[in-house]
Amino acid sequence: MPEVKSYAALSDSTPLVPYAINRRTPKPTDVQIEILYCGVCHSDLHFARNDWGMTVFPVVPGHEIVGRVTAVGSDVKKFKVGDLAGIGCLVDSCRTCDNCRDGLEQYCAEGGVFTYGGNERDGSGPTYGGYSKSIVTHEDFVLHISDKLSLAAVAPLLCAGITTYSPLRHWKVGPGTRVGVLGLGGLGHMAVKFAVAMGAEVTMLSHSPSKQADAERLGAHRFVLTSDENQTASVAGYFDFILDTVSAEHDYAFYLGLLRTNGTMVCVGVPPNPAVLPAMNLIFGRKSFAGSLIGGIPETQEMLDFCAEKGIVSDVEVIRMDYINEAYERMLKGDVRYRFVIDMATL
Ligand code: NAP
Ligand code: ZN
Ligand code: ZN
């Protein structure tokens with residue numbers, strides 16, 4: 001089992017440090033990828049700090065992976081050496097349950113295997129993510145990447161992209177839909193780009209006044225500062241659909257008040273602590289409060305193809321691997337424009 005350079009969190013209160021892991025030699029159905037870029041998702045930070053109380057250390061985060069195929073197993077059909085390839089949040093699932101058969105591997109009845117912090121289905125050990133030089137994954141969970149777009153700017157599509165694309169599609173956002181995107185970070189900026197590309201009327205709901213110009217540049221038709229009562233009053237009862245990408249505690253009930261009758265608010269952000277949600281805020285106006293987890297493999301490929309066709313990528317700040325701990329501190333302050341991406345050549 002070859003040793004591979006990586007970066008890991010060894011505990012919830014220590015910085016990430018260089019760490020060596022072992023990757024398996026490719027099996028007949030495996031693809032081996034040299035990782036060129038890996039995006040930095042807020043989930044990586046939640047995991048490294050054990051915000052959700054489920055982390056097993058050491059953890060090698062990273063699930064926005066793009067790179068080049070360096071080896072394929074004898075039975076691999078979809079990839080050859082030299083191809084560009086991507087891996088998102090999932091590396092395996094049962095393939096036989098209803099959800100897997102419907103291409104919803106993220107909701108696999110046996111639990112999808114996450115790219116890091118998961119356990120290989122064959123019992124061979126934990127999964128390690130993309131803050132690493134290479135990765136070996138079954139070809140069914142490897143995505144094709146277009147060579148038309150900047151590779152660093154494509155990496156965040158593998159999580160931030162699909163996590164926002166999937167609910168916008170599922171709830172049929174399009175022309176005539178009044179969409180509010182809550183939180184302008186990695187997920188939020190992709191949500192704005194997608195909702196605009198799908199033809200919706202898009203309002204950015206942000207607690208950062210300094211992000212107004214960027215929101216407009218990204219295509220938002222309107223900017224509402226969530227700390228300004230006059231501004232939020234102007235969109236009370238207004239939205240058909242709110243996509244909530246906020247990573248920190250906030251008042252869900254308040255934002256439900258911005259939905260019109262029959263409106264839906266979908267949470268993709270996962271604050272560390274549970275929140276209170278009064279039934280009254282849903283009952284008056286027949287409102288829906290829902291969640292959505294990343295996206296399945298077929299829809300992830302659909303999203304990547306949609307981005308290649310429309311020229312949609314993430315706005316990125318490319319960083320060195322050893323900047324990761326500062327990047328986490330900046331992410332905690334909402335100071336990301338709009339996704340850190342690690343250049344793996346610096347590891
Ligand atoms: P991010 O880049 O750090 O963006 C989060 C945004 O939340 C910030 O930019 C900020 O936007 C907003 N925010 C509002 N109140 C805040 C506060 N008190 N402190 C800091 N920020 C605040 O994070 P991300 O990578 O987009 O991820 C967002 C959340 O989605 C995380 O909880 C992550 O774990 C989760 N996630 C879920 C899925 C899923 O499948 N459901 C997938 C990926 C990530 P403004 O400055 O505009 O207010
Ligand atoms: Zn993520
Ligand atoms: Zn399954």
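In this chain, residues are counted from 1 in sequence order. Numbering of ligands and ligand atoms starts at 1, following listing order. Every value quoted in this text rests on a predicted model; they were computed, and no experiment measured them.
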Nearest protein heavy-atom contact for atom 17 (C) of ligand 1: which residue, which atom, what distance? A248 CB, 3.5 Å
Min side-chain heavy-atom separation S210-R337 under 4.5 Å: yes
Return the closest protein heavy atom for atom 48 (O) of ligand 1 as residue, atom name and distance. H207 ND1, 2.5 Å
So for H250 against ligand 1, with non-hydrogen atoms under 4.0 Å, the contacting part is neither
Find all atoms of ligand 1 within a distance of less than 4.0 Å from any non-hydrogen atom belonging to I294, and give their numbers and elements. 39 (C), 40 (O)
Under a 4.0 angstrom heavy-atom cut-off, which atoms of ligand 1 come close to G269? 29 (C), 30 (O), 32 (O), 35 (C)
If the cut-off is 4.0 Å to any non-hydrogen atom of C159, which atoms of ligand 1 fall inside it? 42 (C), 43 (C)
Numbered atoms and elements of ligand 1 in range of L332, under 4.0 angstrom, heavy atoms: 20 (C)
Any nitrogen or oxygen of L205 lying under 3.5 Å from a nitrogen or oxygen in ligand 1? Just yes or no. no
Quick check on side-chain contact (heavy atoms from CB on, under 4.5 Å): which of L282, T261, N281, N262 does K287 satisfy it with? L282
Exactly one candidate in T245, L187, T226, V224 meets side-chain contact (heavy atoms from CB on, under 4.5 Å) with L182; the answer is T226
Between L293 and ligand 1, does any nitrogen or oxygen pair lie at a separation below 3.5 Å? no
Is the number of heavy atoms from other residues, nucleotides or ligands within 6.0 Å of NZ (K78) greater than 12? yes
With R339, which of H42, E64, H189, E317 fulfils side-chain hydrogen bond (donor to acceptor under 3.5 Å, both in side chains)? E64
So H63 and Y116, would you call those rings parallel, tilted or perpendicular, with 30° and 60° as cut-offs? parallel
May I ask you to check if ligand 1 and G334 share an N or O to N or O distance below 3.5 Å? no
Tell me which protein heavy atom sits closest to atom 5 (C) of ligand 1, plus the residue, atom name and distance to 0.1 Å. S247 OG, 3.6 Å
Given side chains that start at C-beta, do those of D214 and V192 come closer than 4.5 Å, heavy atoms only? no
Give, rounded to 10 degrees, the angle between SG (C41) and NE2 (H63) as seen from the Zn ion (ligand 2). 120°
Please work out, at 4.0 Å between heavy atoms, whether the side chain, the backbone, both, or neither of H42 comes within that distance of ligand 1. both
Parallel, tilted or perpendicular: which describes the rings of F141 and H138, with under 30° parallel and over 60° perpendicular? perpendicular
Output the list of atoms in ligand 1 that are nearer than 4.0 Å to some heavy atom of R339, sorted by atom number. 24 (P), 25 (O)
Which one holds for V336 and ligand 1: side chain close, backbone close, both close, or neither close, with close meaning a heavy atom under 4.0 Å? neither
How does T226 reach ligand 1, by side chain, by backbone, by both or by neither, if only non-hydrogen atoms under 4.0 Å count? neither
Is the charged tip of R169 near the ring of F306: under 6.0 Å from the six-membered ring centre and within 45° of its axis? yes
Regarding Y107 and D102, is there a side-chain donor-to-acceptor distance under 3.5 Å anywhere? no
Taking 2.8 Å as the strict upper bound, the Zn ion (ligand 3) has protein N, O or S neighbours numbering 4
Within the structure, does M204 bring an N/O atom to less than 3.5 angstrom of an N/O atom in ligand 1? no
For atom 4 (O) of ligand 1, what is the nearest protein heavy atom, given as residue, atom name and distance? G185 CA, 3.4 Å
Contact region, W52 to ligand 1, non-hydrogen atoms below 4.0 Å, reads side chain
Write out the residue and atom name of the closest protein heavy atom to atom 2 (O) of ligand 1, then the distance separating them to 0.1 Å. G186 N, 2.8 Å
Which residue and non-hydrogen atom of the protein lie closest to atom 37 (C) of ligand 1, and at what distance in Å? V268 O, 2.9 Å
Mind checking whether Y338 and F340 sit in one hydrophobic cluster, side chains of I, L, V, M, F, W, Y counted as touching below 4.5 Å? no
Stepwise salt bridge (Lys or Arg N to Asp or Glu O under 4.0 Å) check, R23 with E34: CA-CA 12 Å; R23 298 285 194 195; E34 178 196 6; over 6 Å; no
If we number the atoms of ligand 1 from 1 as shown, the ones under 4.0 Å from a heavy atom of S292 are 39 (C), 40 (O), 41 (N)
Is any side-chain heavy atom of F194 closer than 4.5 Å to one of P167? no
Which atoms of ligand 1 sit under 4.0 Å from any heavy atom of V246? 7 (O), 13 (N), 14 (C), 15 (N)
To which protein heavy atom is atom 26 (O) of ligand 1 closest, and what is the distance rounded to 0.1 Å? L187 N, 2.8 Å
Close-contact set for ligand 1 against T245 heavy atoms, below 4.0 Å: 28 (C), 29 (C)
Would you kindly specify which portion of A160 sits under 4.0 Å from ligand 1, judged on non-hydrogen atoms: side chain, backbone, both or neither? neither
Considering distance alone, does some N or O of P271 sit under 3.5 Å from an N or O of ligand 1? no
With respect to atom 47 (O) of ligand 1, which of S166, S206, P167 exhibits the smallest heavy-atom separation? S206
Select one of side chain, backbone, both or neither to describe which atoms of K211 lie under 4.0 Å from any atom of ligand 1, heavy atoms only. side chain
What protein heavy atom is closest to atom 32 (O) of ligand 1, reported as residue, atom name and distance in Å? H46 NE2, 2.8 Å
Please say whether more than 12 non-hydrogen atoms of neighbouring residues, nucleotides or ligands are located less than 6.0 Å from CZ in F254. yes
